[in-house]
Protein chains: 2
Amino acid sequence: MTTADRLVESTRELLWERGYVGTSPKAIQRRAGVGQGSMYHHFAGKAELALAAVRATAEDMRAKADAQLSAPGTAYERISAYLLRERDVLRGCPIGRLTQDPDVVSDPGLRQPLDETFAWLRGRLAEVLAEGRARGELAEDLDVTTTAATLVAVLQGGYVLARSAESVEPFQHAVRGVLGLLAAQRRDVSDEERA
Amino acid sequence: MTTADRLVESTRELLWERGYVGTSPKAIQRRAGVGQGSMYHHFAGKAELALAAVRATAEDMRAKADAQLSAPGTAYERISAYLLRERDVLRGCPIGRLTQDPDVVSDPGLRQPLDETFAWLRGRLAEVLAEGRARGELAEDLDVTTTAATLVAVLQGGYVLARSAESVEPFQHAVRGVLGLLAAQRRDVSDEERA
DNA sequence: GTCTATAGATGGATAGAC
DNA sequence: GTCTATCCATCTATAGAC
């Protein structure tokens with residue numbers, strides 16, 4: 001990894017752990033094993049490093065979600081797999097975390113990747129739900145747009161509950177709860193329709 | 001208001017806006033209109049002030065939620081009223097916000113009020129759901145514990161989505177989505193059962 | 001109780017040598 | 001490209017006068 005890459009990686013970790021206000025250039029340098037002058041040679045400052053870090057993290061998050069959501073299976077199976085996939089719950093979401101930082105959301109450049117990521121995720125989930133509905137797997141009157149927003153919110157809120165409890169339990173409950181509600185929207189697909 | 005009260009109020013506002021790391025004693029003093037020496041006369045430091053502030057905010061939050069959830073009406077109506085009540089969505093949740101702060105969750109004294117608040121809220125929602133189920137208003141097989149966690153998570157996650165989008169829309173979608181799913185759990189209550 | 005003075009550490013960045 | 005030195009502001013708190 002190049003020096004610049006190590007700086008971005010360190011910044012990603014620190015933004016996840018401590019947020020934007022809680023992350024200092026000095027801490028980034030220390031973690032990356034890079035000196036002061038070196039950092040300022042590659043990046044103009046904290047804000048520029050944060051932007052590179054946030055963009056990389058956002059892209060990662062989209063790629064991971066798409067892997068689950070574009071897999072084979074019914075809509076319910078794919079959404080279930082996405083919600084239940086292994087997560088480092090107590091660390092929270094590296095993107096969602098930043099929405100709490102006023103210095104991030106007040107900076108259009110920094111907020112944009114957050115907005116795009118969640119907008120994409122809601123859209124992708126809505127597509128999966130719409131596919132399931134079109135195939136007769138899900139109730140005809142299911143509102144895919146609002147339900148997609150609910151699914152993303154359950155994950156993000158689940159992290160909040162888990163961190164307050166210092167336990168993954170409330171996260172798992174929240175996920176299982178919404179999956180239970182979604183399961184009630186499933187419909188039987190006849191053999192002829194499947195063909 | 002006494003000087004101590006004004007300091008706690010200012011701390012509450014700043015913790016909400018900027019979190020624990022983002023809030024400095026100097027900023028608290030300025031907002032409260034209180035001098036340096038005066039603050040340190042009434043409170044040992046930032047941590048002690050934060051504790052008083054967090055406890056007050058947590059109590060407020062429980063009281064407000066209980067007002068909606070203990071009102072008359074069916075379980076669905078009360079939960080609906082709670083979820084849809086007017087909120088300053090873009091400011092986020094003053095309690096949930098703090099779960100992102102490592103210096104808060106790593107301090108048992110500061111984390112406790114957060115944990116208690118969300119545990120209480122999940123329990124209270126589970127009670128309301130259980131009442132509705134017992135009265136035949138809700139499906140017999142509804143899992144009240146996980147559904148309660150889902151409801152709280154939708155609110156907390158809704159704030160995250162709203163702040164990322166700088167718009168209340170995703171929050172409203174998430175809430176309407178989960179209410180739609182919950183509505184499918186409603187059952188008819190016959191006249192005799194109602195009597 | 002409140003004020004001013006002071007202190008050591010850290011934050012975020014620049015300057016210039018090598 | 002990387003290093004060290006330096007800079008000014010802010011952070012968090014203490015000391016002591018009033």
Side-chain angles (χ1 to χ4, degrees), chain A residues 1-57 97-98 100-111, chain B residues 1-55 97-98 100-111:
Chain A
M1 258 202 308
T2 70
T3 298
D5 286 342
R6 265 182 292 129
L7 284 165
V8 172
E9 285 308 305
S10 302
T11 305
R12 291 178 62 177
E13 291 173 16
L14 284 164
L15 286 180
W16 194 357
E17 292 169 22
R18 312 202 40 83
Y20 187 79
V21 263
T23 297
S24 71
K26 199 155 295 188
I28 294 171
Q29 296 151 26
R30 201 180 328 120
R31 187 169 296 212
V34 161
Q36 187 94 332
S38 192
M39 189 197 101
Y40 282 103
H41 171 74
H42 292 284
F43 295 92
K46 174 175 164 172
E48 195 174 298
L49 256 168
L51 186 56
V54 169
R55 284 181 173 156
T57 299
R97 198 241 178 279
L98 298 173
Q100 301 303 321
D101 219 308
D103 294 346
V104 170
V105 292
S106 70
D107 178 331
L110 280 176
R111 187 176 64 77
Chain B
M1 256 202 308
T2 70
T3 298
D5 286 343
R6 264 181 293 129
L7 284 165
V8 173
E9 285 308 304
S10 301
T11 305
R12 292 179 62 178
E13 291 173 16
L14 284 164
L15 286 181
W16 194 357
E17 292 169 22
R18 310 201 43 82
Y20 187 79
V21 265
T23 296
S24 71
K26 195 156 294 187
I28 295 171
Q29 296 150 26
R30 200 180 327 119
R31 188 168 297 211
V34 161
Q36 187 93 332
S38 191
M39 189 197 102
Y40 282 103
H41 171 74
H42 291 285
F43 295 92
K46 174 175 165 172
E48 196 174 298
L49 255 168
L51 186 56
V54 169
R55 284 181 174 157
R97 198 241 178 279
L98 298 173
Q100 302 302 320
D101 219 309
D103 294 345
V104 169
V105 292
S106 69
D107 178 332
L110 279 176
R111 187 176 62 79

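This structure is a prediction, so every number in the text was calculated from the model and none was measured. Lettering follows sequence order; numbering is per chain, from 1.
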Worksheet entry | Note, A/Q100 side chain near A/Y20 side chain (heavy atom, < 4.5 Å) | no

Worksheet item: Atom CZ of B/R18 and atom P of D/dT10: how far apart are they, to the nearest Å?
Response: 13 Å

Item to complete: Identify, between A/R30 and B/V34, the residue whose nearest nucleotide on DNA chain C lies closer to the 5' end.
Response: B/V34

Worksheet item: Would A/D103 and B/R18 pass as an ion pair if we require N to O under 4.0 Å?
Response: yes

Practice prompt. Write down the distance between NZ (B/K26) and C1' (C/dT4), rounded to a whole number of angstrom.
Written response: 12 Å

Discussion item. For A/T57, give me all partners under side chain to side chain donor-acceptor pair (under 3.5 Å), at least two apart in sequence or on another chain.
Written reply: A/R12

Worksheet item: So, is A/T3 close to the D/dT2 phosphate, meaning a side-chain N or O under 4.0 Å from OP1 or OP2?
Response: yes

Worksheet, complete the sentence: Which of C/dG12, D/dT12, C/dC3 is nearest the side chain of B/S38? It is C/dC3

Item to complete: Classify the nucleic acid contact of B/G35 as base, sugar-phosphate or nothing, counting any heavy atom under 4.0 Å across all strands shown.
Response: sugar-phosphate

Item to complete: Examine D/dT12: is either OP1 or OP2 under 4.0 Å from a nitrogen or oxygen in the side chain of B/K46? Give yes or no.
Response: yes

Discussion item. Without decimals, in angstroms, what is the distance between A/Q36 CD and D/dT4 P?
Written reply: 10 Å

Practice prompt. Using atom CZ of B/F43 as one end and atom C1' of C/dT2 as the other, report the distance to the nearest whole Å.
Written response: 15 Å

Discussion item. Looking at A/H41, I'd like to know whether one of its side-chain N or O atoms comes within less than 4.0 Å of OP1 or OP2 on D/dC3.
Written reply: no

Discussion item. Once you apply a heavy-atom cut-off of 4.0 Å, does A/T2 come out as touching a base, just sugar-phosphate, or nothing?
Written reply: nothing

Worksheet item: If you check every side-chain atom of A/H42, which of C/dT2, C/dA13, D/dT2 has the closest atom?
Response: D/dT2

Worksheet entry | Value in whole Å for how far the P atom of D/dG1 lies from CG of A/D5 | 14 Å

Worksheet item: When we call it a touch if two heavy atoms are under 4.0 Å apart, what does A/G37 touch: a base, just sugar-phosphate, or nothing?
Response: base

Worksheet item: Taking OH from A/Y40 and P from C/dG16, how many angstroms apart are they, rounded to a whole number?
Response: 17 Å

Worksheet item: Between A/A53 and A/T11, what is the shortest heavy-atom contact and its length?
Response: CB-CG2, 3.7 Å

Item to complete: Give the rounded distance in Å between these two atoms: CG of A/L49 and C1' of C/dG11.
Response: 15 Å

Worksheet entry | Separation of atom CD in B/Q29 from atom P in C/dG1, rounded to whole Å | 18 Å

Discussion item. Is there a side-chain contact between A/S24 and the phosphate of C/dT10, meaning an N or O under 4.0 Å from OP1 or OP2?
Written reply: no

Fill in: Contacts of A/S106 that satisfy side chain to side chain donor-acceptor pair (under 3.5 Å) - sequence neighbours left out
none

